[in-house]
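Encoded as structure tokens, the structure appears first; notes follow it.
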Amino acid sequence: MAFPRPKPARPELPRRRVRTLECGQGAVRAVRFNVDGNYCLTCGGDKTLKLWNPHKGTALRTYQGHGYEVLDAAGSFDNSQLCSCGADKTVALWDVATGQVVRKYRGHAGKVNCVQFNEEATLIVSGSIDSTVRCWDCRSRRPDPVQVLDEAKDGVSSVKVSDHEILSGSVDGRVRRYDLRAGQLCSDYIGSPITSVCFSKDGQCTLAASLDSTRLLDKETGELLGEYTGHHSTAYRLDCVLSEQDTHVGSASEDGNIYFWDLVEGSLALSLEVGRSVVQSLSFHPSLPCLLAATQGHELWREETFQPEGDAAT
């Protein structure tokens, strides 16, 4: 006789501020977990990129090489390399251990808003205010992009990469998905300028934040599956996230809060008071109910039952 499987635990949300870190980088434009969630990157208004262990609150290294503020960054699958982009119109590839720039890619005509590695870290995908998405070969010394995706009619605010797709959001109000295997482009018209896009963990849906609401779309059909409102988004390029089990939708907000909605019901599940200034950037841990939020520094939030190392259990 087979024993019944234990009921899965109810998904928890990060409700408890565990740590606040002053980055010393001016305004933190973006905060990003690495691929396994053990480390994070902060992108500074002071032209620097910093690597942290957010769980211990320790700064590990500072990367200097951009000419203006750094706007986004990402880590490779094996944690050996970083990529970053900035208002200096460049994309940089870094060696994590040495802190040196391995290569700089120039080709965008305006500030570069967003950057991602592909799964094997052989390509860097970047999106810019110049309305293009460009793909750069990390292994070659050629200075030109291997592909330029120029369908957007206005600046590209966000890009995400899956094993065979590039998802982009633009100020022209469209979410575009490039299927690289099939050579196809699917475009969904939202209408309001897009500030952030992401894939769901199961690969079935896309989430798009715009200046009027955050929407969940069926990836294949473009059908609107859910709409989430209540946060303030009027001028800033704010992030949206999905929780580690795809159960909740999270959004940054200009009123100093972070909002979480139940993905299926669309009801507001949680509002976190971070501060008085704009919460511009969010990053959700890949496997834990753990959230990073960026304002002037960055904050780590965990579930209510979480006990930091060194705390006595109550």
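As the structure is a computational prediction, the values presented were derived from the model and not from experiment.
- The shortest heavy-atom contact between A269 and L13 is CB-CD1, 4.2 Å.
- The minimum heavy-atom distance between D88 and G67, with the atom names listed, is OD2-N, 2.8 Å.
- Between W136 and Y105, the ring planes lie tilted relative to each other; the angle falls in the 30° to 60° range.
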Query raised in the report: Are V278 and L238 close enough, and set up right, to give a side-chain contact (heavy atoms from CB on, under 4.5 Å), and what steps lead you there?
Result: CA-CA 9 Å; V278 175; L238 303 182; 3.9 Å; yes
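- Sorted by first and then second residue, the pairs that involve residues 175-199 and meet salt bridge (charged side-chain N to carboxylate O under 4.0 Å, His left out), not counting sequence neighbours, are D163-R181, E165-R177, D172-R176, R177-E220.
- Taken together through direct or relayed side-chain contacts under 4.5 Å among Ile, Leu, Val, Met, Phe, Trp and Tyr, L300 and L288 form parts of separate hydrophobic clusters.
- By the 4.5 Å heavy-atom criterion applied to side chains, E119 and F77 are not counted as neighbours.
- Qualifying side-chain contact (heavy atoms from CB on, under 4.5 Å) partners for S253, counting only residues two or more places apart in sequence or in other chains: H231, H232, D255, Y259.
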Query - Test side-chain contact (heavy atoms from CB on, under 4.5 Å) applied to V125 and N118, step by step - result: CA-CA 7 Å; V125 179; N118 68 338; 5.6 Å; no
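- For R142, the CZ atom sits in a packed shell: over 12 heavy atoms of surrounding residues, nucleotides or ligands are nearer than 6.0 Å.
- Taking OG1 of T206 as the start and CG of L216 as the end, the distance is 7.0 Å to the nearest 0.5 Å.
- Here the OG atom belonging to S170 is positioned 5.5 Å from the CG atom belonging to D154, to the nearest 0.5 angstrom.
- Applying the side-chain hydrogen bond (donor to acceptor under 3.5 Å, both in side chains) test to pairs two or more places apart or on separate chains, those with a residue in residues 35-50 are Q25-T42, Q25-T48, N34-D36, D36-N38, T42-W52, D46-T48.
- Looking at R17, its side chain does come within 3.5 Å of a backbone N or O of V274 through a donor-acceptor pair.
- Side-chain atoms of D218 never come within 3.5 Å of backbone atoms of E223 as a donor-acceptor pair (strictly under, hydrogens ignored).
- No side-chain heavy atom of N79 sits under 4.5 Å from any side-chain heavy atom of V96.
- Residue I190 belongs to a hydrophobic cluster whose other members are L167, V175, I194, V197, F199, L217, L224, with links defined by side-chain heavy atoms closer than 4.5 Å.
- In the hydrophobic cluster analysis, where Ile, Leu, Val, Met, Phe, Trp and Tyr join through side-chain heavy atoms closer than 4.5 angstrom, V101 is grouped together with L82.
- Nearest heavy atom pair, residue V102 against residue D95, reads CG2-N, 3.5 Å.
- For the residue pair S126 and H108, the shortest heavy atom distance occurs at OG-NE2, 2.8 Å.
- Looking only at side-chain heavy atoms (C-beta outward), V241 and C198 stay at 4.5 Å or farther from each other.
- From E299, atom CD reaches atom CZ of R19 across 12.0 Å, with rounding to the nearest 0.5 Å.
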Requested in this report: Under the side-chain contact (heavy atoms from CB on, under 4.5 Å) rule, what do L225 and C205 come out as? Steps first, then yes or no, please.
Outcome: CA-CA 9 Å; L225 302 176; C205 305; 3.7 Å; yes
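- With H285 contributing its side chain and G37 its backbone, the two residues share a donor-acceptor pair below 3.5 Å.
- Between the side chain of T195 and the backbone N or O of A209, at least one donor-acceptor pair lies under 3.5 Å.
- With hydrophobic clusters built from ILVMFWY side chains whose heavy atoms lie under 4.5 angstrom apart, F284 shares a cluster with L282.
- Side-chain contact between F33 and P54: present, with at least one pair of heavy atoms (C-beta onward) separated by less than 4.5 Å.
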Query raised in the report: Does the side-chain contact (heavy atoms from CB on, under 4.5 Å) test come out yes or no for H55 and C290, once each step is laid out?
Result: CA-CA 10 Å; H55 309 288; C290 177; 4.0 Å; yes
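- Ring geometry, W261 versus Y228: the interplanar angle falls from 30° to 60°, so the pair is classed tilted.
- You'll find the side chain of L211 reaches within 4.5 Å of the side chain of S233, heavy atoms only.
- Taken to the nearest 0.5 Å, the CG atom of L185 stands 11.0 Å off from the CD1 atom of I166.
- Between atom CG of residue L93 and atom NZ of residue K104 there is a gap of 12.0 Å, rounded to the nearest 0.5 Å.
- Residue Y178 is tested with Q184, E151, Q147 for a side-chain hydrogen bond (donor to acceptor under 3.5 Å, both in side chains); the sole match is E151.
- Across A252 and V279, no two heavy atoms sit closer than the pair CB-O, 2.9 Å.
- Classification of R16 and E304 as a salt-bridged pair fails, no side-chain N sitting under 4.0 Å from a carboxylate O.
- At least one side-chain heavy atom of T90 sits less than 4.5 Å from a side-chain heavy atom of H66.
- Residues T247 and L263 form no side-chain contact, since every pair of their non-hydrogen atoms from C-beta on lies 4.5 Å or further apart.
- Atom NZ of K89 sits in a sparse spot, with 12 or fewer heavy atoms from other residues, nucleotides or ligands closer than 6.0 Å.
- With sequence neighbours excluded, no residue forms a ring-ring contact (aromatic ring centres under 6.0 Å, His included) with F117.
- Closest approach of C138 to I124, counting heavy atoms only: SG-CG1, 3.5 Å.
- V161 and V148 fall into different hydrophobic clusters, where Ile, Leu, Val, Met, Phe, Trp and Tyr residues are linked whenever their side-chain heavy atoms come under 4.5 Å apart, directly or through other members.
- A donor-acceptor contact shorter than 3.5 Å is absent between the side chain of N257 and the backbone of S271.
- A donor-acceptor contact under 3.5 angstrom links the side chains of R32 and S281, judged on distance only.
- The main-chain N or O of A97 is found under 3.5 Å from a side-chain atom of R61 such that the two form a donor-acceptor pair.
- Within a 6.0 Å radius of CD in E227, other residues, nucleotides and ligands contribute more than 12 heavy atoms.
- Using cut-offs of 30° and 60° for the angle between ring planes, the W94 and Y63 rings count as perpendicular.
- The distance from the CD atom of Q280 to the OG atom of S196 is 11.0 Å, given to the nearest 0.5 Å.
- In this model, no donor atom of one side chain and acceptor atom of the other lie less than 3.5 Å apart for T58 and N53.
- Residues V249 and L268 fall within the same hydrophobic cluster, defined by Ile, Leu, Val, Met, Phe, Trp and Tyr side chains chained together at heavy-atom separations under 4.5 Å.
- Remark: W301 engages no residue in a ring-ring contact (aromatic ring centres under 6.0 Å, His included) (not counting sequence neighbours).
- Within the 4.5 Å cutoff, the side chain of S131 has no heavy atoms near those of the K153 side chain.
- Formation of a donor-acceptor pair under 3.5 Å by the S157 side chain with backbone atoms of G169 is found in this model.
- In the model, S128 has no side-chain atom that pairs as donor or acceptor with a side-chain atom of R134 under 3.5 Å.
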